[in-house]
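The structure under discussion appears below in the form of structure tokens.
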Amino acid sequence: RRLIQFSLLDITDRKRAQQQRESALEALRDREERLNLIMDATDEGIWTWDVTTSELTFSPSLLHAMGFDKDDDSFNFQWFADHVSRKSVHVFDEGMKAYIEGRSKYYEFQYRIKTRNGQWRWFWARGACTARSEDGVPIKFMGTHRDITAQKQAEKEKEAAQEALRLKSEELERYFTSSLDLLCIADTLGRFLRVNPEWEKVLGYGADELNGRMFLDLVHPDDVKATLEAVSDLSAQKEVLGFENRYRCKNGAYHWIEWRSKSLGNLIYAVARDITARKEAEMALQETNRRLEKATLHANEMARQARQ
């Protein structure tokens, strides 16, 4: 008779641990797949960086944004460093310094890079330390990346539009302050809102004395009715051209003003000229004609009487 000996080993715990490990790996793969789907949907990608080995990895969506094909495995830290714009190099050190000093919650920066297909694109990156050395220095990072080229282009266009608007505003301001015409912005309630310096030369009132003042207070009493009718037309968005009225100067004299006015809503934009000299010349001519006519009539009467 032969005696056979064997032993039994309980591996239940090992099997359970193996199953748990496989379940954990499956859950991890599932989370990674879901995360990649989310990143693809939001135009974001994952990046990791090992400072000690200079190993830099980008997720597929991010590599695609950088111009790399699916099967192209030539991306590495050196390629990245070689293609970053020189004007962007400083942001990496500045972002790291702010993160290490606690001034920023994340290692965050924006940079411009020349992609594999030759295009210059802007990216925004945010990450955090995932491992530190024994002395506490960050040695591994992980974070997200986003292509912000469209955003940067929109910002550039906005800045260009703002600069164009600023230049146009400066041009209009120069015209407003240097024009020899009387320029003003008023409202249909009868208030001066803004006048140019030429008004002081004509009426003697400074801009600070006229701005906010009711212009009817300065209109000659005989011209108030006609002025109100002109303002009524402007309130109805009608253009008023060649309107004339008299304004009282600071010294009490009256000057004749001729207006060209347009309205936009309740605002009146007007260009005016002092025509006092012309009016005085016209009145002098009328007086001369009147006297000449009177003298002619008198002469004719004397001649008629002489013939009798």
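- Judged by distance alone, with hydrogens and angles left aside, the side-chain atoms of W47 form no donor-acceptor pair with the main-chain N or O of G127 at under 3.5 Å.
- Nearest heavy atoms, I100 versus P138: CG1-CG, 4.3 Å.
- Under the 3.5 Å distance criterion, the side-chain polar atoms of D50 are left unmatched by any main-chain donor or acceptor of S54.
- Using cut-offs of 30° and 60° for the angle between ring planes, the F215 and Y247 rings count as tilted.
- At a threshold of 4.5 Å between side-chain heavy atoms, the hydrophobic network of Ile, Leu, Val, Met, Phe, Trp and Tyr places V202 and L218 in one connected group.
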Inset, instruction - Show your working on side chain to side chain contact (heavy atoms under 4.5 Å, CB included) between E108 and W124 and close with a plain yes or no. - result: CA-CA 8 Å; E108 188 171 6; W124 164 86; 2.9 Å; yes
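- Separating the OG atom in S88 from the NE2 atom in H83 is a distance of 14.0 Å, to the nearest 0.5 Å.
- Contact detail for C184 and F192: the closest heavy-atom pair is SG-CE2, 4.0 Å.
- Smallest separation of non-hydrogen atoms from N245 and T227: ND2-OG1, 3.1 Å.
- Proximity of I46 to H145: side-chain heavy atoms (C-beta onward) are nowhere separated by under 4.5 Å.
- The hydrophobic cluster containing L203 does not contain L193, counting ILVMFWY residues as joined when their side-chain heavy atoms lie under 4.5 angstrom apart, directly or transitively.
- Of the charged side-chain nitrogens involved, at least one lies within less than 4.0 Å of a carboxylate oxygen, so that R194 and E173 count as a salt-bridged pair.
- Between M96 and Y107, the closest side-chain pair of non-hydrogen atoms falls below 4.5 Å.
- M142 and T48 get closest at one heavy-atom pair: CG-CG2, 3.9 Å.
- Side-chain atoms of F75 and L56, non-hydrogen and from C-beta on, do get closer than 4.5 Å to each other.
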Inset, instruction - Could you walk me through whether L228 and L216 pass the side chain to side chain contact (heavy atoms under 4.5 Å, CB included) test, one step at a time? - result: CA-CA 9 Å; L228 287 173; L216 285 174; 3.4 Å; yes
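- Counting heavy atoms from C-beta outward, L183 and V195 have side chains that stay 4.5 Å or more apart.
- Annotation for S59 and G45: closest pair OG-CA, 3.3 Å, computed over non-hydrogen atoms.
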Inset, instruction - Determine, step by step, whether K156 and E159 satisfy the salt bridge (Lys or Arg N to Asp or Glu O under 4.0 Å) criterion, reporting the C-alpha distance in whole Å, the side-chain angles of both residues, the deciding distance to 0.1 Å, and the verdict. - result: CA-CA 5 Å; K156 184 178 180 180; E159 290 174 358; over 6 Å; no
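- Atoms CG and CD1, from L234 and I268 in turn, are 4.5 Å apart once rounded to the nearest 0.5 Å.
- Checked for salt-bridge contact, K201 and D274 miss the test: no charged N lies under 4.0 Å from a carboxylate O.
- The structure places CG of L165 at 10.0 Å from CD of E170, a figure rounded to the nearest 0.5 Å.
- Enclosure of atom CZ in R291 is not indicated, since only 12 or fewer non-hydrogen atoms of other residues, nucleotides or ligands lie within 6.0 angstrom.
- Residues V84 and F92 meet the side-chain proximity criterion, which asks for heavy atoms closer than 4.5 Å.
- Atom CZ of R166 has more than 12 heavy atoms from other residues, nucleotides or ligands within 6.0 Å.
- Annotation: the span from T130 atom OG1 to K140 atom NZ amounts to 7.0 Å, rounded to 0.5 Å.
- In this structure the side chain of R290 never reaches within 4.5 angstrom of the side chain of L292, judged on heavy atoms.
- Between C249 and H255, the closest heavy-atom pair is SG-CD2, 3.1 Å.
- Remark: side-chain polar atoms of E244 are not paired, donor with acceptor, to backbone N or O of W256 under 3.5 angstrom.
- Side-chain atoms of S263 never come within 3.5 Å of backbone atoms of G265 as a donor-acceptor pair (strictly under, hydrogens ignored).
- Taking CZ of R273 as the reference point, atom CG of L180 lies at 9.0 Å (rounded to 0.5 Å).
- Donor-acceptor pairing under 3.5 Å is lacking for the side chains of E282 and Q286.
- Transitive grouping of hydrophobic side chains (ILVMFWY, heavy atoms separated by less than 4.5 Å) keeps V271 and L267 in distinct clusters.
- Cation-pi geometry between R126 and F109 is not met at under 6.0 angstrom from the ring centre and within 45 degrees of the axis.
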Inset, instruction - Verify side-chain hydrogen bond (donor to acceptor under 3.5 Å, both in side chains) between Q78 and D82, making sure each step is shown before the conclusion. - result: CA-CA 6 Å; Q78 191 58 53; D82 289 343; 2.9 Å; yes
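- In this structure, K152 and R121 have side chains that are not in contact, with every pair of non-hydrogen atoms separated by 4.5 Å or more.
- Enclosure of atom NE2 in H220 by more than 12 non-hydrogen atoms of other residues, nucleotides or ligands within 6.0 angstrom is indicated.
- Hydrophobic clustering (ILVMFWY, side-chain heavy atoms < 4.5 Å, transitive): Y111 and F77 are in one cluster.
- Using a 4.5 Å cut-off on side-chain heavy atoms (C-beta onward), S74 and F68 make contact.
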Inset, instruction - List the steps, then state whether side chain to side chain contact (heavy atoms under 4.5 Å, CB included) holds for D147 with W122. - result: CA-CA 6 Å; D147 186 338; W122 279 94; 5.5 Å; no
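- Screening residues 203-213 for side chain to side chain donor-acceptor pair (under 3.5 Å), with sequence neighbours left out, gives E209-K250.
- Heavy-atom contacts from other residues, nucleotides or ligands closer than 6.0 Å to NZ of K262 number 12 or fewer.
- Between Y99 and Y106, the distance separating the two ring centers is not shorter than 6.0 angstrom.
- Here the straight-line distance linking atom CG of N76 with atom OG1 of T57 works out to 11.5 Å at 0.5 Å rounding.
- Between F80 and F58, the ring planes lie perpendicular to each other; the angle is over 60°, past the 30° to 60° tilted range.
- Other residues, nucleotides and ligands contribute more than 12 heavy atoms inside 6.0 Å of the NZ atom of K279.
- Cluster membership for L63 and W49, using ILVMFWY side-chain heavy atoms within less than 4.5 angstrom, is shared.
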Inset, instruction - For the pair M66 and F123, evaluate side chain to side chain contact (heavy atoms under 4.5 Å, CB included) and give the outcome as yes or no after the intermediate values. - result: CA-CA 10 Å; M66 289 283 181; F123 287 88; 3.8 Å; yes
